[in-house]
Amino acid sequence: MIGNKFNLVDAVKLRGQAEQQLQNQATPADPVTARTMETRQLVHELQIYQVELELQNQTLLETSVELEQSLERYADLYDFAPTGYFLLTANGTIREVNLAGADLLGKERSCLMDRQFSLFISTETRSVFNAFLDTVLAGASKIRCEVTLTLGAAPPLHLYLEGVGKDTAAGRQCRLAATNVTERKRAEDRIQHLAYYDALTQLPNRVLLTDRLQQAIAQTGRDQKRLAVCYLDLDGFKAINDTWGHAYGDRVLVEVGHRLKSCVRTNDTVARLGGDEFVLLLGNLAGIEECEQAMDRVISALHLPFTVFDQPIRLSSSLGVTLYPDDDSDPDTLLRHTDQAMYTAKQAGGNRYCWFDADYDRRARHHRETLQRIQTGLTAGELRLYYQPKVDMRHGTIIGVEALIRWQHPSEGLLLPAQFMPAVETSNLAIVVGRWVMKEALRQMSVWIALGLHLPVSINISSRHLQQPDFVAQLRTALAVYPDAPPDGLELEILETVALDELAAISTLIEDCRQLGVRFALDDFGTGYSSLTYLKNLAVQVLKIDQSFVRDMLVDIEARAIVEGVIGLSVAFHRQVIAEGVETDADGSLLIQLGCDHAQGYGIAHPMPPAQIPAWIAGWTAPQVWTDQ
Ligand code: C2E
Ligand code: CA
Ligand code: CA
């Protein structure tokens, strides 16, 4: 009826005319006329209905044309979309698909109709897809999943599934949007690579290494095998960089990476921490031998000549190794252990590997903790000086005291120097403790002076403290703080061995201290290897005979000969001599006989707290066997 001449305007006009005619006619009196008019009216109304019907038809037609056109436009848009759209039936077959969807599956649209969508999905991901499809068809709402296709390189697809239609299983359908995420995956991989791999060598970086180490530890715990962690550092790599430039150095590092990888199995890890430092994780080892073989392989591989930019060079490397779970530590500690062992290998000249020594580490850790504790003790005022009297045996007089350090430990009681000083003396804490001893002894001296007791005090100086460049300045400052304490009342006991090392420097230092008025004694004399020249050059006033000779001199001819020798030297060089370790009257008598009147020892008095000194002095008398001589 599209060809019909009626249109809306005509129809409206026609109806208007008919209504007008009806209104113009008055109702006639005779029945025939009235009947005729009624009929005419009916005809008119019929015409009007006809016109309206036509009008409705016309509108319907126009709407259907518009609908058709609009559908065409939507179909166009749907094919224009870059996302693949599918409508799947309740059986999972394809009912509708746009061009992009057909492209994704690599087929003509017509070939896809009524085919199972899941057949285009790789077998590895198909079951996941089928499960999701079933869920959606069963009424669940939207689901996202990722699958790969069966096509050539199995491109990955991101799928968005949504159930549509009636809730009955047969009536329900699934619409599905599919996007190829190959590019996104590539970008993700790239970001991943940048975050976990070293840009120069493409080896795992520290982050990935930590991850792998954690995994390897977990794995080793399960399968009873061992895991070797090796820290590798190239020997003299800095010189290569400095000589040939960084570009050259970089190429060497890349080559080192290749060689390391060739020495290990595919499941092992070779990581670069930065610079010329690498870490190897060798898992699944049956024992130490297997690990040692691998280390030998690495050392030899890196020792073969390199040719970079036509320039041949030779390299060597230092490795530190530890075995988990023998060394049952956390990842960070394992790495620290291997670093430590690597350092030992370096110290030993490089081009070798060293095992981490757990005992050594334990001792080192204990050492650090002890130092920490002593430092705290010092701050908390737990260190004490005890004093041991020194006497003139022949005259029965007190000539001074030696300050000896003690640690009044809150839980362990009074500790002797042997229990904590060895740790102190190998560290810089020796300087801190030494300064404290110096000040504390001077303070005590001035306290005694205030009591009318003029008592020379000797203090023990560790070699580390003595070798401080500002030692003399420290001493001067300490003396200035206690002006009551006379400098010549202070004696510094230094070990004979200290002076041996740096004779010139020490003799200058002794001179400088002497200028301040302070005296020096050579402690434990006879235990070192002092020469006569050496003794001649050191301006020390006192030689202190070591207690080991005093202890044995009554029974051992050699010990006695040494005691006699030291006394002889003191006479020859015009030095005073004192013996330590006098435990019996007989010891004292012999010393007096040999020409040594000064002594200290348990036979006279044990070291004691300063408060006890005045009373001890007041009460002491020398044995008569001594004073009678
Ligand atoms: P040292 O300087 O040879 O001190 C003498 C040590 O012999 C003292 O041990 C003393 O108590 C002990 N002794 C004294 N008379 C006798 C005796 O008749 N028989 C025996 N068997 N031993 C006797 P102490 O107090 O345990 O000190 C040991 C060492 O610790 C000292 O040996 C000294 O080298 C060092 N030391 C002590 N105090 C200090 C200090 O303040 N600073 C430094 N750097 N070292 C100190
Ligand atoms: Ca001493
Ligand atoms: Ca001694």
Side-chain angles (χ1 to χ4, degrees), residues 374 377-378 382-391 393 400-408 413-445 456-468 471 474-475 478 490-499 519-528 540-554 559 566 576-588 590-591 598-610 616 623:
I374 298 169
L378 177 63
E382 292 165 12
L383 295 189
R384 306 265 185 278
L385 285 184
Y386 272 39
Y387 295 87
Q388 185 178 39
K390 299 197 280 189
V391 300
M393 296 181 286
V401 288
E402 177 180 3
L404 293 161
I405 199 165
R406 301 286 180 267
W407 181 4
Q408 188 64 56
L414 190 69
L415 302 183
L416 291 173
Q419 292 167 280
F420 61 95
M421 286 304 279
V424 170
E425 298 201 322
T426 51
S427 79
N428 285 338
L429 198 54
I431 299 149
V432 185
V433 170
R435 284 186 187 176
W436 176 81
V437 169
M438 203 182 258
K439 282 198 192 144
E440 174 56 20
L442 285 168
R443 190 194 64 78
Q444 186 57 54
M445 250 170 102
V457 175
S458 49
I459 58 176
N460 294 283
I461 303 289
S462 74
S463 48
R464 200 179 270 252
H465 187 200
L466 189 70
Q467 281 159 4
Q468 282 297 293
F471 183 82
Q474 277 180 35
L475 185 60
L490 184 69
E491 188 176 85
L492 307 184
E493 297 193 3
I494 61 170
L495 289 176
E496 189 187 9
T497 41
V498 175
R519 292 151 52 87
F520 272 88
L522 275 185
D523 209 354
D524 296 354
F525 198 79
T527 54
V540 296
Q541 285 91 341
V542 182
L543 303 185
K544 201 166 187 183
I545 308 172
D546 189 64
Q547 56 177 275
S548 58
F549 308 122
V550 176
R551 187 185 59 218
D552 299 339
M553 67 185 180
L554 282 167
V566 176
Q576 292 170 21
V577 65
I578 182 169
E580 61 175 20
V582 170
E583 295 190 353
T584 62
D585 291 359
D587 290 338
L590 178 58
L591 285 164
H598 293 175
Q600 66 185 93
Y602 295 164
I604 301 157
H606 281 260
M608 61 188 92
W616 182 86

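All heavy atoms count here, side chains included; hydrogens, waters and symmetry mates do not. Order of listing sets the numbers, starting from 1, for every ligand and every atom in it.
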>> Tell me every residue that passes ring pair (Phe, Tyr, Trp, His ring centres under 6.0 Å) with Trp616, counting only those two or more places apart in sequence or in another chain.
In response: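 In terms of ring pair (Phe, Tyr, Trp, His ring centres under 6.0 Å), with neighbours along the sequence ignored, Trp616 is linked to Trp620.
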*For His465, what residues pass the ring pair (Phe, Tyr, Trp, His ring centres under 6.0 Å) criterion, not counting sequence neighbours?*
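Result, ring pair (Phe, Tyr, Trp, His ring centres under 6.0 Å) vs His465: Phe471.
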Ligand 1 contact on [X] by region, counting heavy-atom pairs under 4.0 Å:
| X | value |
| --- | --- |
| Val437 | side chain |
| Glu425 | side chain |
| Val433 | neither |
| Met421 | side chain |

Atoms in ligand 1 with a heavy atom of [X] nearer than 4.0 Å:
| X | value |
| --- | --- |
| Asp524 | 3 (O) |
| Gln388 | 14 (C), 15 (N) |
| Glu583 | 17 (C), 18 (O), 19 (N), 20 (C), 21 (N) |
| Gly601 | 15 (N), 18 (O) |
| Pro607 | 11 (O) |
| Ser462 | 44 (N) |

(request) Answer yes or no for Gly581: is there a heavy-atom contact with ligand 1 below 4.0 Å? (result)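 Contact check Gly581 vs ligand 1: positive.
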**Study point:** ligand 1 contact by Arg406, heavy-atom criterion under 4.0 angstrom
**Key:**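 For ligand 1, residue contact (heavy atoms, under 4.0 Å) with Arg406 is present.
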query: Nearest to atom 33 (C) of ligand 1 by heavy atom, Asn460, Ile459, Val424: which?
result: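 Result: the heavy atom closest to atom 33 (C) of ligand 1 is in Asn460.
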Query raised in the report: Out of His606, Met438, Gln547, His465, whose heavy atom is nearest to atom 21 (N) of ligand 1?
Result: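 Comparing heavy atoms across His606, Met438, Gln547, His465, the nearest one to atom 21 (N) of ligand 1 lies in Gln547.
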Fill in: Glu493 OE1 and Asp523 OD2 subtending at the Ca ion (ligand 2) (10° steps)
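OD2 of Asp523 and OE1 of Glu493 make an angle of 90° at the Ca ion (ligand 2), to the nearest 10°.
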Problem set entry | Polar atom proximity, Ile405 to ligand 1 (N or O, under 3.5 Å) |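 N/O-N/O distance below 3.5 Å exists for this pair.
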request  = Answer yes or no: does an N/O atom from Glu402 fall short of 3.5 Å to an N/O atom of ligand 1?
outcome  =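 So ligand 1 has an N or O lying under 3.5 Å from an N or O of Glu402.
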Lys544 and its side chain to side chain donor-acceptor pair (under 3.5 Å) partner, picked from Glu493, His598, Gln576:
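Of Glu493, His598, Gln576, side chain to side chain donor-acceptor pair (under 3.5 Å) with Lys544 is met by Glu493 alone.
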*asked:* Does either side chain, that of Gln600 or that of Glu402, offer a donor lying less than 3.5 Å from an acceptor on the other one?
replied: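 Looking only at side-chain atoms, Glu402 and Gln600 do form a donor-acceptor pair, the distance falling under 3.5 Å.
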Backbone or side chain, does Asn460 get an N/O/S atom under 3.0 Å to the Ca ion (ligand 2)?
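Looking at Asn460, which is the residue asked about, there is an N, O or S atom under 3.0 Å from the Ca ion (ligand 2).
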query = Can you tell me the N, O or S atom of Glu402 that's nearest the Ca ion (ligand 2)?
reply =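 For Glu402, the N/O/S atom sitting closest to the Ca ion (ligand 2) is OE2.
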